[in-house]
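Please read these numbers as outputs of a predicted model, since none were measured by experiment.
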Amino acid sequence: MKMNKVGKKLLAAAVAAMLAAGSLGASPMIALADEVSDNDVDYIDDDNRYDASAELKNYMESLIKRENPEQYIKDKLGDIMYSGIYYIANSEHMTEAEMWSYVGTVKGQMDAAIGKSGEVTTTSEFLTVADNWETPTVSYGQNVNIVLPLINMGEEWLTDLLVEPEVSNDVQNWPFKPDNTGYTQNFNEIPGCATKLYDEAVFNRRELTWTFTAREDVLTGYYPLKFKVWYSKEGIRCAEPAEITVYVYCQGKPGSGRIGMSEETNVSQPRIIVTGFETEPAEVFAGDVFTLNIHVKNTSPDTAVNNVLFDLQAVEGGTETSTGQVTNSYASFLPTSGSSSIYVANMPAGSSQDLKIEMQAKADLSQKPYVVTVKMKYDTDLKADLTDEAKVSVPVKQESKYDASTPEVNPASIMVGEQSNVMFQLYNTGKTTLYNVQVKFEADSVEGGDTFIGNLEPGATGNVDAMVTGIAPTMDDGTVKAVITYEDDAGNQTRNELNVNIMVTEMPVDDGTSDMNVPVETEKTGPGAGLIAGIAVGAVALIAVLTTVILKIRKKKKAAKLLAEDLMDLDHKDE
């Protein structure tokens, strides 16, 4: 049966209420648990946890403002609040109703703490501890002296007193090592207080001292120390001992937990996370040796980890076929030392550590990021073989490579205003795509010919078929630069040059000298005069055209000869 959200909350609240009241038997509880399964129950989220934390904090502040307790009580209230907030923050399977029920329990603990009269309590109306008592502080593994100043506020003298602390092997109840067979102390008497004045009782006090050693696994917080006091009054032995309670503040090891927390909360697992990484050099190319530096941190505020083993495992790569299938699988990065493991003896709470390892990228890796998995195994004082895992992504680049065919220029010599055709091919011989490939021609003697090829995938070929126009006579050896540019996947541009030879000559100009050698005939008259004149004009025009063609051919032959001589000189120099 599926329930809506309101129904789930009502049912969860009912279960929590019946559990708290003790009215829910085993069988009904199982039946209801089946109804409210993990798939149906709405557990608390971060907003609920924030509301509960704010409620506990506000309640503690209101108690302190109203009661104005001593500092010890304030510390105790803070301890109770911290434990409650910590427990709720680490509870993953708690409904909202259960959370608020627990908040009520924590408030009750605060009420009980605020109700304590000062720093000591007693079940006797006349036996108590003097107000010069100061709560001692001790850290794990250290010794501490507990001085108990007993006073008698009654009028009768007390005799044959015997004082015994309530020792326990449970670290939740007793913070000290039980390394002594007898802690009982006795003394003869405490005078009565005839005036019933406190100063007289303090003057007649008896001080008893115990030396204890705090346990290594002691929890952080205030421990109550209970003492039983047996005595005789007017020769009659007491039927029940008086009970006196004092407190000691203990500081446990990082990660030991706090007094009053549940066992599950006290041994919560610390987390090791990766906070960043870098490589040296910053850019890793396929085939390069590089140093990988990974930054890790123990995020626990109070739990140290030790015996930490970091294992760095690179994702497997291989040779990709035309269909995209990977063959010859192997690790993308291999450590140069032969081991991918790094050992760290200890990481204190909140501390950071740098992991450095030298690795080599395989030469045939494609240009893309490759994942390195950081597997962690470590211990704490309370748990062993804890594990965690994180990943980093290392970008690998491939050197861009291309090759060009020998340019074909036709014709290699042109006059100003004429065009020449330049053709060659570009081959992408690398493993990365060349983006926005284009060719431009740079020279003082020609213009035009800009060619856009586009993207060249690995193994692809681009064709250049450009027409350049002569704009000025060649004043040098006729070298024209074919500028080839392309971009990588990050938009970085690369420029290369390819030389071609194009000679540009000046267009000849007819200055009229071609008519100087033509004989001038006397004017004739008659019927054939017009015909003869027409033939003469045609002959002059024909001679002018032939002269122009001959000059052009001569200049081309001369330019070709000069170009051939230059090429022969270059060949000799290369040899």
Any side-chain heavy-atom pair from [X] and [Y] closer than 4.5 angstrom?
{"X": "Lys375", "Y": "Asp388", "answer": "no"}
{"X": "Val344", "Y": "Phe310", "answer": "yes"}
{"X": "Phe424", "Y": "Asn463", "answer": "no"}
{"X": "Lys57", "Y": "Met81", "answer": "yes"}
{"X": "Asn499", "Y": "Lys481", "answer": "yes"}
{"X": "Leu426", "Y": "Val437", "answer": "yes"}
{"X": "Thr95", "Y": "Asp42", "answer": "no"}
{"X": "Val394", "Y": "Phe277", "answer": "yes"}

Measuring from [X]:[atom1] to [Y]:[atom2], what's the distance to the nearest 0.5 Å?
{"X": "Asn421", "Y": "Glu408", "atom1": "CG", "atom2": "CD", "result": "9.0 Å"}
{"X": "Ile414", "Y": "Thr469", "atom1": "CD1", "atom2": "OG1", "result": "7.0 Å"}
{"X": "Gln353", "Y": "Ile294", "atom1": "CD", "atom2": "CD1", "result": "12.5 Å"}
{"X": "Asp403", "Y": "Gln425", "atom1": "CG", "atom2": "CD", "result": "11.0 Å"}
{"X": "Ser405", "Y": "Leu498", "atom1": "OG", "atom2": "CG", "result": "8.0 Å"}
{"X": "Asn307", "Y": "Asp379", "atom1": "CG", "atom2": "CG", "result": "5.0 Å"}

Just by distance, with hydrogens left out, do [X] and [Y] show a side-chain donor and acceptor under 3.5 Å apart?
{"X": "Gln313", "Y": "Thr373", "answer": "no"}
{"X": "His295", "Y": "Glu278", "answer": "yes"}
{"X": "Asn306", "Y": "Asn346", "answer": "no"}
{"X": "Asp477", "Y": "Asn501", "answer": "no"}
{"X": "Thr336", "Y": "Gln360", "answer": "no"}

Heavy atoms only: give me the nearest [X]-[Y] pair and the separation to one decimal.
{"X": "Val284", "Y": "Phe290", "result": "CG1-CD2, 3.6 Å"}
{"X": "Ile85", "Y": "Ser53", "result": "CG2-OG, 3.5 Å"}
{"X": "Ala466", "Y": "Gly449", "result": "CB-O, 3.3 Å"}
{"X": "Ser420", "Y": "Pro411", "result": "OG-O, 2.5 Å"}
{"X": "Val416", "Y": "Met507", "result": "O-CE, 4.0 Å"}
{"X": "Asn298", "Y": "Pro348", "result": "ND2-O, 3.3 Å"}

key: Stepwise ring-ring contact (aromatic ring centres under 6.0 Å, His included) check, Tyr435 with Tyr486   = CA-CA 6 Å; Tyr435 297 92; Tyr486 58 88; 9.8 Å; no
ask   = Can you check side-chain contact (heavy atoms from CB on, under 4.5 Å) on Glu399 and Phe285, steps first, answer last?
value = CA-CA 7 Å; Glu399 292 281 0; Phe285 287 87; 3.9 Å; yes
request  = Answer yes or no: are there more than 12 heavy-atom neighbours, outside Asn293 itself, under 6.0 Å from its atom CG?
outcome  = yes
task = Might you confirm whether atom CD of Glu61 has over 12 heavy atoms from other residues, nucleotides or ligands at distances under 6.0 Å?
result =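 More than 12 within 6.0 Å, yes.
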Can any side-chain N or O of [X] pair as donor or acceptor with the backbone N or O of [Y] at less than 3.5 Å?
{"X": "Asn428", "Y": "Thr432", "answer": "yes"}
{"X": "Asn58", "Y": "Ala54", "answer": "yes"}
{"X": "Arg49", "Y": "Ile88", "answer": "yes"}
{"X": "Thr220", "Y": "Gly252", "answer": "yes"}
{"X": "Ser91", "Y": "His93", "answer": "no"}
{"X": "Thr474", "Y": "Val504", "answer": "yes"}
{"X": "Gln398", "Y": "Leu365", "answer": "yes"}

ask   = Between Arg495 and Glu497, is a salt bridge (Lys or Arg N to Asp or Glu O under 4.0 Å) present by the stated rule, with each step listed?
value = CA-CA 7 Å; Arg495 172 190 170 107; Glu497 296 177 356; 3.2 Å; yes
query = Can we say Lys253 and Asp217 salt-bridge, meaning some charged N sits less than 4.0 Å from an Asp/Glu carboxylate O?
reply =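 A salt bridge is absent here (no side-chain N lies under 4.0 Å from a carboxylate O).
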task = Before accepting this row, confirm whether a basic side-chain N of the pair Lys391/Glu389 lies closer than 4.0 Å to the acidic partner's carboxylate O.
result =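 A salt bridge is present here (some side-chain N lies under 4.0 Å from a carboxylate O).
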inquiry  = With side-chain contact (heavy atoms from CB on, under 4.5 Å) as the criterion, how do Met94 and Tyr87 come out once you've worked through the C-alpha distance, each side chain's angles and the decisive distance to 0.1 Å?
reply    = CA-CA 11 Å; Met94 176 184 282; Tyr87 179 75; 3.6 Å; yes
ask   = Stepwise, does the side-chain contact (heavy atoms from CB on, under 4.5 Å) test hold for Val483 with Val439?
value = CA-CA 5 Å; Val483 180; Val439 179; over 6 Å; no
inquiry  = Give me each pair satisfying side-chain hydrogen bond (donor to acceptor under 3.5 Å, both in side chains) with a member in residues 447-462, each pair once, sequence neighbours excluded.
reply    = Thr433-Glu457
query = Can the ring centroids of Tyr427 and Tyr402 be said to lie less than 6.0 angstrom from one another?
reply = no
task = Determine, step by step, whether Tyr378 and Leu309 satisfy the side-chain contact (heavy atoms from CB on, under 4.5 Å) criterion, reporting the C-alpha distance in whole Å, the side-chain angles of both residues, the deciding distance to 0.1 Å, and the verdict.
result = CA-CA 6 Å; Tyr378 53 93; Leu309 182 64; over 6 Å; no
task = Evaluate the salt bridge (Lys or Arg N to Asp or Glu O under 4.0 Å) criterion for residues Glu442 and Lys440: first the C-alpha distance (whole Å), next the side-chain angles of each, then the deciding distance (0.1 Å), finally the verdict.
result = CA-CA 7 Å; Glu442 294 181 356; Lys440 294 184 178 182; over 6 Å; no
